[in-house]
Amino acid sequence: MTQSNERCSSRLILVLGDQLSQNLSALSQAEKARDTVLMAEVADEAGYVPHHKKKIAFVFSAMRHFADELGAAGWQVRYVRLDHPDNTGSITGEIARAIADLSITNVQVTEPGEYRLQTALLEWADQSQTDLHMLEDDRFVATHQEFRNWADGRKQLRMEYFYREMRRKTGLLMNGDQPEGGRWNFDAENRKPATADLFMPRPPRSDPDDITTEVLSLVETQFGDNFGQLRPFWFEVTRAGALEALDHFVEHALPLFGDHQDAMLQAEPFLYHSVLSHYLNAGLLGPMEICRQVERAYYEGRAPLNAVEGFIRQIIGWREYVRGLYWLNMPGYTERNHFGATRQLPDFYWTAKTEMACMAAAIGQTRDHAYAHHIQRLMVTGNFAMLAGVDPHEVHEWYLAVYADAYEWVEAPNVIGMSQFADGGLLGSKPYAASGNYINKMSDHCSHCRYDVKRKFGANACPFNPLYWDFLARNADKLRGNPRLGHAYRTWDRMDPEKQAQYRDSAREILDSL
């Protein structure tokens with residue numbers, strides 16, 4: 001492969017399904033009159049994990065709408081549908097077919113977000129001796145080099161310190177060289193439980209247009225056995241619709257987002273969350289335009305600082321940080337398994353058929369909406385998988401499959417690093433392990449559950465309770481020296497041996513039943 005900057009008579013401009021941005025670098029450095037844009041729905045991308053039906057429908061419909069917008073703007077677009085009889089089934093196959101049909105020798109693309117696809121493109125270009133020009137994706141706040149420079153020489157790569165650099169770089173919520181409100185982080189104010197509210201805002205819903213209706217029929221035919229409920233399908237599939245969803249969040253949900261961002265309610269899958277991440281990660285929205293609008297709500301007195309800071313931290317802090325960490329540690333990061341966990345993912349992760357109310361709620365809404373918020377992912381489904389010793393690669397592939405916002409660069413560090421602690425502490429300072437008490441504090445699930453969260457072990461005890469202590473006991477050789485777990489291990493050491501045995505026996509019965 002060569003990375004040529006020479007201008008030829010025409011080029012093929014590849015636009016991927018998560019690059020639906022008019023300001024994409026590959027488009028910005030192309031010419032409408034000469035170049036041809038290639039977009040393709042291919043089996044390889046739709047099937048490398050068993051994606052949620054809603055996720056596939058969202059990506060395909062958004063791609064088709066974006067292709068139409070490019071055409072209306074004067075671009076020459078070659079769009080290959082999944083069911084086209086000549087579809088080769090792969091991105092590289094479609095590039096090769098386009099090159100042959102159009103007599104084009106140069107290909108330009110913005111770097112893919114996933115290592116898997118970037119490697120496939122580079123290897124194919126080398127083997128086929130194709131002139132492939134791969135541009136950096138400048139839709140992020142931090143470049144790859146900036147993150148590497150920040151990480152260089154640090155023993156611990158903690159998000160909080162990277163986030164402060166991003167605040168300084170962007171100027172978001174900055175008062176000169178000091179953070180607005182005198183603090184960088186207001187997370188301590190963002191841990192309040194929630195109570196049911198008939199007026200709790202819902203994300204806006206759009207009825208499928210003709211393009212989306214056609215895609216839904218395709219998905220039903222081609223991916224009918226995949227996980228998830230396809231209908232009702234209510235996602236926005238255009239930039240205009242995504243902007244309306246952003247406006248709706250800022251006006252109706254942002255003011256209370258901060259207070260209740262960690263809360264969970266049995267009948268409220270969305271609470272005050274934005275439900276914008278799948279639009280952002282597909283390219284329909286940009287991180288800075290979201291953050292500027294949210295920041296403006298604070299300065300205009302329409303949202304409190306704890307909500308605005310907490311939301312901006314998720315985007316320019318956490319989202320940028322996990323992307324940097326992913327590229328710094330690939331390949332191999334998704335194979336890490338610090339605890340040597342080998343258990344298979346329980347079937348109820350696909351069926352939601354479990355008597356644990358919190359798990360049934362989180363998995364059930366994942367099935368219905370291809371969505372769950374971060375605490376459900378981290379402290380319910382992720383926490384259970386880690387406590388149960390499930391193979392982290394299986395957990396990783398489940399998350400990658402079932403959520404509409406999941407692309408490996410953002411999903412893998414959240415699962416391998418934060419949720420499963422499978423990277424041994426590269427991302428997090430301790431495992432996010434918790435008993436049922438945390439879930440009871442932050443949700444109403446326990447009042448709907450057949451298990452008793454106050455029972456520590458035995459037939460009717462909340463499974464999280466014995467599994468928590470069993471996890472600490474069986475991984476003591478790797479965790480006992482962690483200063484953030486010192487109190488937990490001191491508590492365990494003070495327990496009567498008979499009580500310890502009851503915890504572990506109860507955990508063994510649960511694990512044997514999975």
How about D423 and Y333: does a side-chain donor come under 3.5 Å of a side-chain acceptor? yes

Side chains of D101 and R97 in contact at under 4.5 Å (non-hydrogen atoms): yes

Modelled atom types, side-chain donor and acceptor of R11 and Q108, under 3.5 Å: yes

Under the side-chain contact (heavy atoms from CB on, under 4.5 Å) test, residues paired with Y432 that sit two or more places apart: L378, M379, M418

Per ring-ring contact (aromatic ring centres under 6.0 Å, His included), W409 is matched among F140, W327, Y321, Y326 by F140

Check: D137 side chain, G113 main-chain N or O, donor-acceptor pair, under 3.5 Å: no

Is it true that E251 and R302 make a salt bridge, defined as a side-chain N closer than 4.0 Å to a carboxylate O? no

Measure the CE-SG distance between M166 and C291 for me, rounded to the nearest 0.5 Å. 12.0 Å

Other residues, nucleotides, ligands: >12 heavy atoms within 6.0 Å of D83 CG: yes

Whether the side chain of D152 engages the backbone of R148 through a donor-acceptor N/O pair (distance < 3.5 Å, no angle test) should be reported. no

Would you say NZ of K192 has more than 12 non-hydrogen atoms from neighbouring residues, nucleotides or ligands within 6.0 angstrom? no

Which residues pass the side-chain hydrogen bond (donor to acceptor under 3.5 Å, both in side chains) test with T110, not counting sequence neighbours? S25

Do M134 and L121 have side chains that get closer than 4.5 Å, going by heavy atoms? yes

H273 and F257: aromatic ring centres closer than 6.0 Å? yes

Can T212 and D209 be counted as having a side-chain donor-acceptor contact under 3.5 angstrom? yes

Is there a donor-acceptor pair closer than 3.5 Å between any side-chain N or O of Q376 and the backbone N or O of H373? yes

Validation row, ring centre Y161 to ring centre Y163 under 6.0 Å: no

Between R323 and E111, does any NZ, NE, NH1 or NH2 come within less than 4.0 Å of an OD or OE carboxylate oxygen? yes

Determine yes or no for a side-chain-to-main-chain donor-acceptor pair under 3.5 angstrom, with Y403 supplying the side chain and R377 the backbone. no

Run F58 and H278 through ring-ring contact (aromatic ring centres under 6.0 Å, His included) and show every step you take. CA-CA 9 Å; F58 164 66; H278 53 304; 5.2 Å; yes

is_close_aromatic(Y371, F270), centroid dist under 6.0 Å: yes

Just wondering, do H396 and E411 contact through their side chains at under 4.5 Å, heavy atoms? yes

Any residue meeting salt bridge (Lys or Arg N to Asp or Glu O under 4.0 Å) with D68, in chain and number order, not counting sequence neighbours: none

How many angstroms lie between OH in Y115 and CD in E408, if you round to the nearest 0.5 Å? 10.5 Å

Under 3.5 Å: donor-acceptor pair, side chain of H65, backbone of S61: yes

Aromatic centroids of F311 and F249 separated by under 6.0 Å: yes

